[in-house]
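For reference, the structure is listed below as structure tokens.
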4 protein chains.
Amino acid sequence: MPRSQKQYKEIRKQKKQLILDSALELFAENGFHSTSMSKVAQKAGVSKGLAYNYFESKQDILDEIIKTGFDSIYSNFDLNHDGILTREEFEHFIRNSFKAIGKNRKFWKLYSAIIMQSDIAESMMEKYGDRSQIIMQMLNQFIKTMGSKDPEGDLMVISSLVKGSLLVVISAPEFFPLKQLEDKVTEACFRLITTK
Amino acid sequence: MPRSQKQYKEIRKQKKQLILDSALELFAENGFHSTSMSKVAQKAGVSKGLAYNYFESKQDILDEIIKTGFDSIYSNFDLNHDGILTREEFEHFIRNSFKAIGKNRKFWKLYSAIIMQSDIAESMMEKYGDRSQIIMQMLNQFIKTMGSKDPEGDLMVISSLVKGSLLVVISAPEFFPLKQLEDKVTEACFRLITTK
Amino acid sequence: MPRSQKQYKEIRKQKKQLILDSALELFAENGFHSTSMSKVAQKAGVSKGLAYNYFESKQDILDEIIKTGFDSIYSNFDLNHDGILTREEFEHFIRNSFKAIGKNRKFWKLYSAIIMQSDIAESMMEKYGDRSQIIMQMLNQFIKTMGSKDPEGDLMVISSLVKGSLLVVISAPEFFPLKQLEDKVTEACFRLITTK
Amino acid sequence: MPRSQKQYKEIRKQKKQLILDSALELFAENGFHSTSMSKVAQKAGVSKGLAYNYFESKQDILDEIIKTGFDSIYSNFDLNHDGILTREEFEHFIRNSFKAIGKNRKFWKLYSAIIMQSDIAESMMEKYGDRSQIIMQMLNQFIKTMGSKDPEGDLMVISSLVKGSLLVVISAPEFFPLKQLEDKVTEACFRLITTK
DNA sequence: AATGAATGAGACTTCATTCAT
DNA sequence: TATGAATGAAGTCTCATTCAT
């Protein structure tokens with residue numbers, strides 16, 4: 001008597017997640033290229049063969065990790081999905097980005113390593129470039145609303161600040177405490193946008 | 001007629017630099033792991049064997065590239081080496097960092113990819129961590145001088161902003177024009193430090 | 001109400017044939033080595049496990065396919081099984097060989113691919129060699145009866161012609177129409193045997 | 001002091017041939033798919049890595065073997081390359097085909113196994129199909145010249161006979177002696193073409 | 001009888017590194 | 001100093017086969 005369809009599905013789901021988690025940990029720790037499938041499988045406690053039963057390739061694992069992360073970044077953006085960013089939504093986005101890192105630093109470490117690697121970055125741009133641009137436009141609109149005299153310039157500064165701060169939080173948490181930086185950056189953003 | 005000792009040395013130096021340049025280009029273009037020694041040697045127009053005559057290993061080439069870059073970053077810092085940062089030196093440091101990227105974007109692309117990878121970052125911290133900390137202390141001192149009420153916090157914000165802006169300039173120069181961002185960031189730094 | 005012994009047997013037989021048919025199709029299409037058991041099972045609409053319930057191994061499936069085909073070749077030979085070949089039986093054999101190909105070209109494609117591979121051919125020789133030799137002797141006898149002055153030589157030519165024609169019909173049916181070649185080859189056989 | 005350009009070329013040429021020979025032997029003996037690169041390298045007495053220094057892939061080795069063989073087949077065809085086949089050229093072609101087999105039976109065994117395997121055959125058709133068709137046209141023309149009343153039909157029979165006889169010589173040389181069959185087939189061809 | 005998750009050996013391939021010349 | 005043939009370990013991936021359910 002074979003297992004039921006449902007049982008199989010549940011098994012698959014759990015094992016797949018197990019492999020994803022192991023891969024994330026190792027990729028973040030040692031880098032994508034320096035992590036072999038053997039190690040991933042070993043950490044997950046499964047055979048190499050099984051890993052390939054769940055994923056088409058090593059790259060496929062990475063893609064899935066990245067996709068999940070990417071989706072989660074922007075789920076906190078433009079919360080009511082009306083295409084317009086309010087002051088609250090903007091602040092919420094910044095603060096939530098910091099919180100997201102607090103929750104899953106491993107992932108964000110991997111993520112930032114990945115987007116820096118040119119051999120991998122290109123394919124990501126193709127996939128997620130559009131979404132990214134829409135967000136920049138919304139931010140631009142928002143900054144104008146806030147009364148900026150140089151929206152484009154301010155947008156560049158703000159996004160640099162946010163990216164930079166997330167980066168340092170990720171890579172050197174001992175020197176850049178999460179909560180403190182969150183407050184300072186949020187405040188700085190508003191200070192920079194607002195016309196004197 | 002054999003060449004003089006000096007000539008030989010000069011030739012060696014040039015060949016070595018040739019290999020370093022080729023490696024940098026390829027590493028930046030395709031990533032460290034995706035670049036084979038064969039390609040490096042080929043691009044440099046030398047044999048694989050000769051490349052190993054100049055460098056102990058592939059990793060050794062990378063180390064040398066990184067070391068050179070690291071040194072150049074801080075050569076623009078605290079120009080008169082008195083351990084105290086003046087307003088002019090601070091601004092000079094920021095502006096020069098942008099200019100450095102303009103001059104050799106290939107290197108900085110590689111550099112930022114490298115420091116994100118934890119396996120490499122650690123060994124770098126060991127080597128360069130001290131210097132890095134001294135600089136942070138100097139910046140801290142400087143910010144205090146400028147009248148900041150929360151020097152530590154402001155330092156975090158400033159360094160986030162600078163790192164972030166350099167990063168976006170490196171990875172997306174088409175969206176973040178170098179000169180414009182340089183001006184905006186310099187100005188923003190002073191605005192953020194200065195008490196309202 | 002449980003099914004009867006007989007019904008079970010019937011179901012088993014059908015499932016087995018289903019797997020054989022799927023395997024034949026895939027083996028012929030993509031080659032034995034390039035066809036995985038997964039694909040065979042999938043095409044048959046059964047699980048891999050079940051396929052192994054019916055066959056000991058992948059090789060076992062191939063063996064069974066080949067055996068079936070081999071048996072069918074010679075069922076059209078020496079129809080009344082008296083060990084002597086008449087003119088009619090001879091012609092019938094040739095014509096039927098062509099017709100067999102028309103009926104199941106997939107199989108014959110696979111079959112000819114298989115017998116060309118020496119690793120497989122050997123084990124087949126062991127199994128079927130005897131039968132094959134008997135047939136050659138009967139043909140030899142027949143050719144003598146027809147008045148050939150060089151029975152051995154003529155036998156070689158005839159069997160080369162028949163094998164070759166079947167082969168081209170199998171592998172390039174668009175250039176070698178079945179029916180036309182059947183007529184020409186039958187006629188040629190008799191012309192070659194008959195003394196001028 | 002490195003070896004001279006010439007010396008390297010010579011080494012490469014010899015080693016490459018060594019690998020080709022080993023591969024041919026094993027492919028012919030055990031089939032392409034059943035022969036691993038490890039075995040090929042081992043038989044050639046080199047490392048696996050070196051084999052890949054000389055050939056891009058296992059398939060590449062096969063391609064090279066096949067190409068060589070294919071070229072040699074038709075070098076005996078239409079000797080003066082005027083596009084027209086004389087009686088002597090025709091006979092020469094048939095006789096030489098037999099002789100070619102005598103000289104390198106291993107290759108021809110592999111060759112006939114290969115062209116039967118559908119997964120490999122297709123790519124060959126693409127490469128060599130054109131040449132093959134030109135030859136058939138020349139043969140057709142030749143048969144007409146010889147006074148055949150059904151050139152197309154006779155062409156089919158002749159080419160079946162030749163292919164078939166080569167095949168049996170290759171696969172069962174103990175039953176089909178080369179020289180004897182060569183004579184018989186040559187004679188039969190002319191007998192079949194010539195109108196009674 | 002039936003399922004498909006799981007294994008593990010082994011395939012192809014790459015590449016940093018060595019070394020005879 | 002300079003070459004590139006040669007190695008071998010390690011990596012990605014496939015698949016026949018087993019087995020708990």
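Being a predicted model, the structure only gives us computed values, none of them experimental. Letters go in sequence order (proteins before strands), and every chain restarts at 1.
- For C/Ser57 and A/Ser36, each mapped to the nucleotide of DNA chain F holding its nearest heavy atom, the one lying further toward the 5' end belongs to A/Ser36.
- Between C/Asn53 and the phosphate of E/dA1, there is a side-chain N or O to OP1/OP2 separation shorter than 4.0 Å.
- Side-chain contact check for C/Asn104 versus C/Leu24: some heavy-atom pair is nearer than 4.5 Å.
- Atom pair C/Ile61:CD1 and F/dA16:C1' shows a separation of 11 Å (rounding to whole Å applied).
- At a threshold of 4.5 Å between non-hydrogen side-chain atoms, the residues C/Lys48 and C/Ser38 count as touching.
- Between C/Glu56 and A/Phe32, the residue anchored closer to the 5' end of DNA chain F is A/Phe32, taking for each the nucleotide with the nearest heavy atom.
- Note: A/Phe27 and A/Phe32 have perpendicular aromatic rings, judged against thresholds of 30 and 60 degrees for the angle between ring planes.
- Both D/Arg3 and D/Gln59 lie near DNA chain E, and the one whose nearest nucleotide falls closer to the 5' end is D/Gln59.
- Between A/Arg12 and E/dG4 there is no side-chain N or O to OP1 or OP2 distance below 4.0 Å.
- The shortest side-chain heavy-atom distance between A/Lys127 and A/Phe70 does not fall under the 4.5 Å cut-off.
- Residue B/Tyr54 is in sugar-phosphate contact alone, with no base atom involved, counting any heavy-atom pair closer than 4.0 Å across all strands shown.
- In this model, the phosphate group of E/dC12 is approached by a side-chain N or O of D/Lys58 to a distance below 4.0 Å at OP1 or OP2.
- Here the side chain of C/Met37 is nearest to one of E/dA5, F/dA16, F/dT7, namely F/dA16.
- In this structure, D/Lys15 reaches the sugar-phosphate backbone alone: every heavy-atom distance under 4.0 Å involves primed, P, OP1 or OP2 atoms, never a base.
- A donor and an acceptor atom sit less than 3.5 Å apart, one in the side chain of A/Lys48 and one in the base of E/dG10.
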*Taking Watson-Crick and G-U wobble pairs with both distances under 3.5 Å, convert DNA chain E into its dot-bracket string, 5' to 3', dots for unpaired and | for cross-strand pairs.*
.||||||||||||||||||||

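- Side-chain contact check for D/Phe55 versus D/Leu20: some heavy-atom pair is nearer than 4.5 Å.
- The residue D/Ser47 sits close to a base: some heavy atom pair falls under 4.0 Å.
- Residues C/Asn53 and C/Arg12 are in side-chain contact: their nearest non-hydrogen atoms beyond the backbone lie under 4.5 Å apart.
- Contacts of C/Leu50 with the nucleic acid, taken as non-hydrogen atoms under 4.0 Å apart, include base atoms.
- Among the heavy atoms of the strands lying under 4.0 Å from B/Thr35 are primed sugar atoms or P, OP1, OP2 only; no base atom is included.
- The distance from atom CZ of B/Phe55 to atom P of F/dT1 is 14 Å, rounded to the nearest whole Å.
- Within the 4.0 Å cut-off from OP1 or OP2 of F/dT17, at least one side-chain nitrogen or oxygen of C/Tyr52 is found.
- Shown here is D/Glu64, whose CD atom has more than 12 heavy atoms of other residues, nucleotides or ligands within 6.0 Å.
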